[in-house]
Novice: 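Below are the structure tokens for one structure; questions will follow.
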Amino acid sequence: MSFPLLTATAALPAIGAIATAAVPAARRTTAKWLALLFSLATLVLAGIVLARFEPGGARYQLTESHAWIKDFGVRYELGVDGIGVALLALTALLVPFVMLAGWHDADPLETKSSRWRPTQGFFALILMVEAMVILSFEATDVFLFYILFEAMLIPMYFLIGGFGDRAHSGSDENAAAQRSYAAVKFLLYNLAGGLIMLAAVIGLYVVAGTFSLSEIAEARANGSLSMATTTERWLFLGFFFAFAVKAPLWPLHTWLPNAMGEATSPVAVLITAVVDKVGTFAMLRFCLQLFPDASKWATPVILVLALISIVYGALLAVGQRDIKRLIAYASISHFGFIILGIFAMTSQGQSGATLYMVNHGISTAALMLVAGFLITRRGSRLIADYGGVQKVAPVLAGTFLIGGLATLSLPGLSPFVSEFLVLVGTFSAYPVAGIIATTGIVLAALYVLVLYQRTMTGPVKAEVRGMADLKVRELVVVLPLVALLVFLGVYPKPLTEIVNPAVQHTMSDVHKKDPQPEVEAAK
């Protein structure tokens, strides 16, 4: 039997979570370094997975399959395609930076509530989220995926509710209440989506007799499995609803600004750059592959919802006074672009959507983590409390600007490639939708540049005058992300070569071909 590389990649952070949680309470620094060591070891394994993956090979590679719950036909089945391996690598890459950025976020405070901020618990929960997210990108058994899809909510709930942002304008009691509200709202929204998905998962098993993604796909291909039109549509809606909550898609998005606003900045990155990607990834892997006809049937409505997300999220970002909520609404707009690219059902659109998932993760991590460093120094999330930062902390201001420019998809930075492909793919199939989506670019430039202008330029406010620039630990967090934004913006080929074959498989699943351009015959 070959070495179970995919299992090891997910098991390592899970083991690290247990080991970190077991460190004695007084040895907080030991717990931090142990957790970071496990996250770096996971990154090494993810690099091995990426190196062993062959873009032109089988659809699912490094596969593992073992009986799990025989009586119900549930198997422990893993495999990665180009989309899954790219997001697996993204997750493994971001978690060490998240830990370094939040190095002191869970240190006990000299307050009565300090017992609720155990350092060991904070880092152990991050590792547990990483393990579940990685395994969800690898799962090819629908029931196994569902278990992971729901289970990752538990550590995220405690990270949001138990380790909230310390830069809160109200009293300690009000801050705790806001954290609790955000955590409960996050949990209830996602549990509601998960319960509806559970009904659809059971319905799929009744129809197909198996939870195995490969067996269902094979049965559909050889004609031994056919679903009634109404049945397929209801099952699709059950899956899609859960994924739209997780993504999040308008109007199921309202939990995200609360969660990102009240969580620490590293946890906010974990939410939008890692966990939320499971929703859009699942749309590609499960909705389009299991229910191709229903996916095409629902496309017009989903495109409208995606366009609303793009414009609505961007408009609300323009009007925000809170830095972290601005980034949250910007992410809602970006997820609209991702979903637009997926359901445009063109190879350019879906390639762009997958690249967008990766590049959005990097750009949002860069912007949010630098914003977190800024907020920690000033002790406020309000934009109005800043001004002239670039004069006292030029490196902080410069990296903040690069993260912001990546968010607005400036050419030369990696999100531009993604957004361009999404718009090209959408316009070739749905020109009106493509035109409307471009308004999101204009609005992105507005909210990013206004944010930079109000916080970094102008007279230096008295409260900002003594602000320190980025420290070595913070530079170690930010500079690699900035380097990746530039590298993938100038040379995206390594990523597109991995993603494109998987996109072609998905296009084949839904029996779609790219629209051919109309060329007038030469006279």
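Please read these numbers as outputs of a predicted model, since none were measured by experiment.
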Novice: I'd like to know if the side chain of Gln350 reaches the main chain of Ile342, judged simply by a donor and an acceptor atom lying under 3.5 Å from each other, with no hydrogens or angles considered.
Specialist: yes
Novice: Which heavy-atom pair separates Gly336 from Ser309 by the least distance, and what is that distance?
Specialist: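 Scanning both residues completely, I find the closest heavy atoms to be CA-CB, 3.9 Å.
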Novice: Side chains of Asn500 and Ser351: is there a donor and an acceptor less than 3.5 Å apart?
Specialist: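 Distance-only check passes for Asn500 and Ser351.
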Novice: Is the Tyr146 to Phe211 ring centre distance short of 6.0 Å?
Specialist: no
Novice: If you apply the rule side chain to side chain contact (heavy atoms under 4.5 Å, CB included), what do you find for Asp276 with Thr280, and how did you get there?
Specialist: CA-CA 7 Å; Asp276 286 356; Thr280 47; over 6 Å; no
Novice: Among all residues two or more places apart in sequence or in another chain, which pass the salt bridge (charged side-chain N to carboxylate O under 4.0 Å, His left out) test with Glu419?
Specialist: none
Novice: Centre-to-centre under 6.0 Å for Phe343 and Tyr430, is that the case here?
Specialist: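 Distance test on ring centres: not under 6.0 Å, no.
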Novice: Assign the ring pair Tyr356 / Phe337 to parallel, tilted or perpendicular, where the plane angle (0 to 90°) is split at 30° and 60°.
Specialist: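 Geometry flag for Phe337 against Tyr356: parallel rings.
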Novice: Testing the basics here: between Leu235 and Leu204, what is the closest heavy-atom pair and its distance to 0.1 Å?
Specialist: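 Leu235 and Leu204 have their closest heavy atoms at CD2-N, 3.8 Å.
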Novice: Return a table of donor-acceptor pairs under 3.5 angstrom between the side chains of residues 247-254 and protein atoms on other chains or two or more places apart.
Specialist:
residue: Thr254; atom: OG1; partner: Tyr189; partner atom: OH; Å: 2.7

Novice: Count the heavy atoms of every other residue, nucleotide or ligand shown that sit under 6.0 Å from CZ of Phe427, and state whether that count exceeds 12.
Specialist: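 For Phe427, atom CZ is not crowded (no more than 12 foreign heavy atoms under 6.0 Å).
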Novice: Looking at every non-hydrogen atom in both residues, tell me the closest pair between Leu62 and Leu6 and how far apart they are.
Specialist: O-CD1, 3.2 Å
Novice: Would you say Thr210 and Ser212 are linked by a side-chain donor-acceptor pair, where the criterion is simply a distance under 3.5 Å?
Specialist: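 Short answer, no.
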Novice: Would you please classify the geometry between the Phe236 ring and the Phe240 ring as parallel, tilted or perpendicular, with 30° and 60° separating the classes?
Specialist: parallel
Novice: Are there over 12 heavy-atom neighbours, none belonging to Tyr205, within less than 6.0 Å of that residue's OH?
Specialist: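 Result for OH/Tyr205: enclosed.
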Novice: Can you establish whether the number of heavy atoms outside Trp68 located under 6.0 Å from its atom CH2 is more than 12?
Specialist: yes
Novice: Examine Phe335 together with His360 and report whether their ring centres are nearer than 6.0 Å.
Specialist: yes
Novice: After noting the C-alpha distance and the side-chain angles of Tyr157 and Phe186, does the key distance pass the ring pair (Phe, Tyr, Trp, His ring centres under 6.0 Å) rule?
Specialist: CA-CA 7 Å; Tyr157 169 80; Phe186 161 82; 7.9 Å; no
Novice: I need the full list of ring pair (Phe, Tyr, Trp, His ring centres under 6.0 Å) pairs touching residues 288-310, with sequence neighbours left out, sorted by first then second residue.
Specialist: Phe239-Phe291
Novice: For the pair Asp81 and Arg285, find out whether any cationic side-chain nitrogen is under 4.0 Å from an anionic carboxylate oxygen.
Specialist: yes
Novice: Looking at Ser295 and Cys287, would you say the former's side chain and the latter's main chain have a donor-acceptor pair under 3.5 Å?
Specialist: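 Answer holds: yes.
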Novice: For the residue pair Tyr76 / Thr7, report whether a side-chain donor-acceptor contact shorter than 3.5 Å exists.
Specialist: yes
